[in-house]
Amino acid sequence: MLTEDHALLDRLGTVTEYPAGSALITQGERPEALLLLLEGTASVHLRRGDGMLEVDRVASGDLLGEMSFLTNDLASASVSTLAPSRVLRIQRSAVEQQAAVDPGFALRLYRGLARLIAERMRERNTRLFAQGPAPVDYAAAWTDTLASLRSIQLPPVVERYVSAYEEVGHRGAFLWRWCWRGVDETTLPLVPEAWKEHVLSTKLLAIILNVLLDDLADQRGSEQLLEAALTIPFHPQGKAAPAPEVPAEERRYFALIAELWHALEERVQALPHHAAYRPLYVFDYQQVFNSMRHSVLTRNRPALHNLAENRAYSPHNMNMMVFATIDLMTAPVVETELGAIRETIWYAQSMGQIANMTATWRREVPARDFASRVFVQALESGVLTAEQLETLPPEEITARIDSSGMEDLLLAEWREQRQRLDVLMARVRSFDMARLIRGVDTLLGMHLAARGLI
């Protein structure tokens, strides 16, 4: 911002003195002012059960409530003074009045806030992971959330397919409620309320399908079975397509894949803008299927492992590109923003994949499933050799990776991509991209807290 803008903000604001223990911002309320802490210190904290969990501290010169001021959302945390403090309070109404006569001022202000948010996120993430990949307080912040997931009532259509899955698969019921919360957090806010449950249920069906296909590749250990299953999606004959030739013991499994796929297709085709985004939907799904094929290839031939292709064809595919296209099918967006939206979702999906790897790699060791990036990094860093991955006891493999900082490398990659999201956010005006970014942050917390549960 220009120097004269800073002077103008000083004139628009009012200075107030607060004693220690004063509430400056309350979680769940919509702040009507941007606050600048001129003197003093303050605590940023979240409600946790009946108590509060401190997540940050701020001091003189820090802005408070900038995210809520920028997005006009409810405050995601509370802020209270720790010492006598002086605060410059700039009312939203005063900024809006000034913006009406000087639009350039508003543009500079909001761009400046977006840059500040990006810088604060970088600093916060650095502190967050400074002591290791999963600081206890951060994971503990989601303990109550995880407990509440067990009380989620899934819609009947989802419960039906969860029950059908349980007859052929082995994943626990907790996973599907955890996934419901995850897709809710990362669904684009452009989805109209009237379509919200339909969209979330459709995504849950897609996740169940994804698990069925992944299990073919990972646990049933047959490239032929996966390829047979992948003839079902987008078959030109649809429901009339002949059933794939599979062993008798797999027919029930494949029947569920076919039923799920056709249910998914019917639900997607019911969306109001389906036709406009159909080609993109098909393209996105083919990338998911290619990632599964790559996972099979590297499982059968470990020498193929390399970081470049692991990033391009991550085995931990979060389906977020597919899901974003489903969201776009519900409401129009500015056509010229599609590239920026897609780029943002691509990074969000990559970050979701990294978060999933941090939560699941340990349970993959006993099965000798080494497709996760943490193992590929260990190979490229010389922490382990391909032969050692195949022959060492699982506990020794886990110990070597734990002691070598491989998780830290993963989370450093997450932080780098998080910074890119902060920049991309300002390029999308069709909807509040900041809500998606907060959802991606939540997704990481959910993964770190759910180790051993998903």
Side-chain angles (χ1 to χ4, degrees), residues 145-146 148-216 229-230 232-235 237-241 243 251-275 277-278 280-282 284-285 288-289 292 317-331 352 439 443 446 450 453-454:
T145 299
L146 292 178
S148 71
L149 295 183
R150 293 181 170 86
S151 65
I152 289 177
Q153 295 298 309
L154 298 175
V157 66
V158 177
E159 290 284 12
R160 173 190 166 193
Y161 282 106
V162 166
S163 297
Y165 170 84
E166 288 174 350
E167 295 179 5
V168 299
H170 65 281
R171 307 292 180 96
F174 174 81
L175 172 66
W176 312 118
R177 286 156 178 78
W178 187 92
C179 289
W180 180 272
R181 172 66 189 272
V183 295
D184 189 22
E185 288 285 346
T186 54
T187 289
L188 301 183
L190 61 87
V191 176
E193 192 61 35
W195 283 105
K196 187 72 176 291
E197 184 173 307
H198 181 97
V199 164
L200 294 182
S201 297
T202 301
K203 292 178 180 180
L204 253 293
L205 298 193
I207 291 172
I208 298 172
L209 175 67
N210 209 61
V211 169
L212 286 166
L213 294 173
D214 269 340
D215 285 352
L216 279 179
L230 293 183
I232 297 172
F234 304 116
H235 194 287
Q237 293 178 249
K239 287 185 177 181
R251 288 174 189 165
R252 191 177 179 191
Y253 196 94
F254 272 68
L256 179 56
I257 291 175
E259 184 182 348
L260 256 175
W261 174 257
H262 296 309
L264 183 62
E265 279 282 76
E266 289 177 1
R267 297 179 68 84
V268 169
Q269 290 173 19
L271 298 173
H273 300 277
H274 166 263
Y277 292 99
R278 178 70 179 184
L280 191 59
Y281 177 75
V282 174
D284 287 337
Y285 243 125
V288 175
F289 300 152
M292 294 177 181
N317 200 299
M318 303 298 289
N319 277 24
M320 287 179 68
M321 296 297 283
V322 172
F323 291 168
T325 301
I326 290 175
D327 293 344
L328 291 172
M329 290 177 177
T330 67
L443 199 60
M446 289 174 63
L453 298 175
I454 59 172

Reported CD1-to-CG distance for the pair Ile326 and Leu280, which is rounded to 0.5 angstrom: 11.0 Å
Close side-chain approach of Tyr285 and Pro233, heavy atoms under 4.5 Å: no
Distance (rounded to the nearest 0.5 Å) between Lys203 NZ and Asp184 CG: 9.0 Å
Heavy-atom closest contact (Tyr165 atom, His170 atom, distance): OH-N, 3.2 Å
Spacing of NZ belonging to Lys196 relative to CD belonging to Glu193, to within rounding of 0.5 Å: 5.5 Å
Close side-chain approach of Thr330 and His198, heavy atoms under 4.5 Å: no
Audit row: Asn210, Met292, side chain to side chain contact (heavy atoms under 4.5 Å, CB included) steps and yes/no: CA-CA 9 Å; Asn210 209 61; Met292 294 177 181; 3.0 Å; yes
Minimum heavy-atom distance Val211-Tyr253, with the two atoms named: O-OH, 4.4 Å
Where Ala229 and Ile257 come nearest, the two heavy atoms and their spacing: CB-CD1, 4.1 Å
Cut-off 3.5 Å, no hydrogens considered: what does the side-chain donor-acceptor table look like for residues 155-162, sequence neighbours left out?
residue	atom	partner	partner atom	Å
Glu159	OE2	Arg177	NH2	2.8
Arg160	NH2	Glu259	OE2	2.4
Tyr161	OH	Glu259	OE2	3.3

4.5 Å side-chain heavy-atom contact, Leu328 and Leu190: yes
Side chain proximity check, Ile207 to Phe323, heavy atoms < 4.5 angstrom: yes
Closest non-hydrogen atom pair, Leu443 against Gly182: CD1-CA, 4.0 Å
Interatomic distance, Tyr281 atom OH to Gln269 atom CD [nearest 0.5 angstrom]: 8.5 Å
Any residue meeting salt bridge (Lys or Arg N to Asp or Glu O under 4.0 Å) with Arg251, in chain and number order, not counting sequence neighbours: none
Minimum heavy-atom distance between Asp284 and Thr325, given as atom pair plus value: OD2-OG1, 2.6 Å
Minimum heavy-atom distance Arg267-Glu197, with the two atoms named: NH2-O, 4.4 Å
Inter-residue atom distance Phe289.CZ - Leu230.CG, 0.5 Å rounding: 6.0 Å
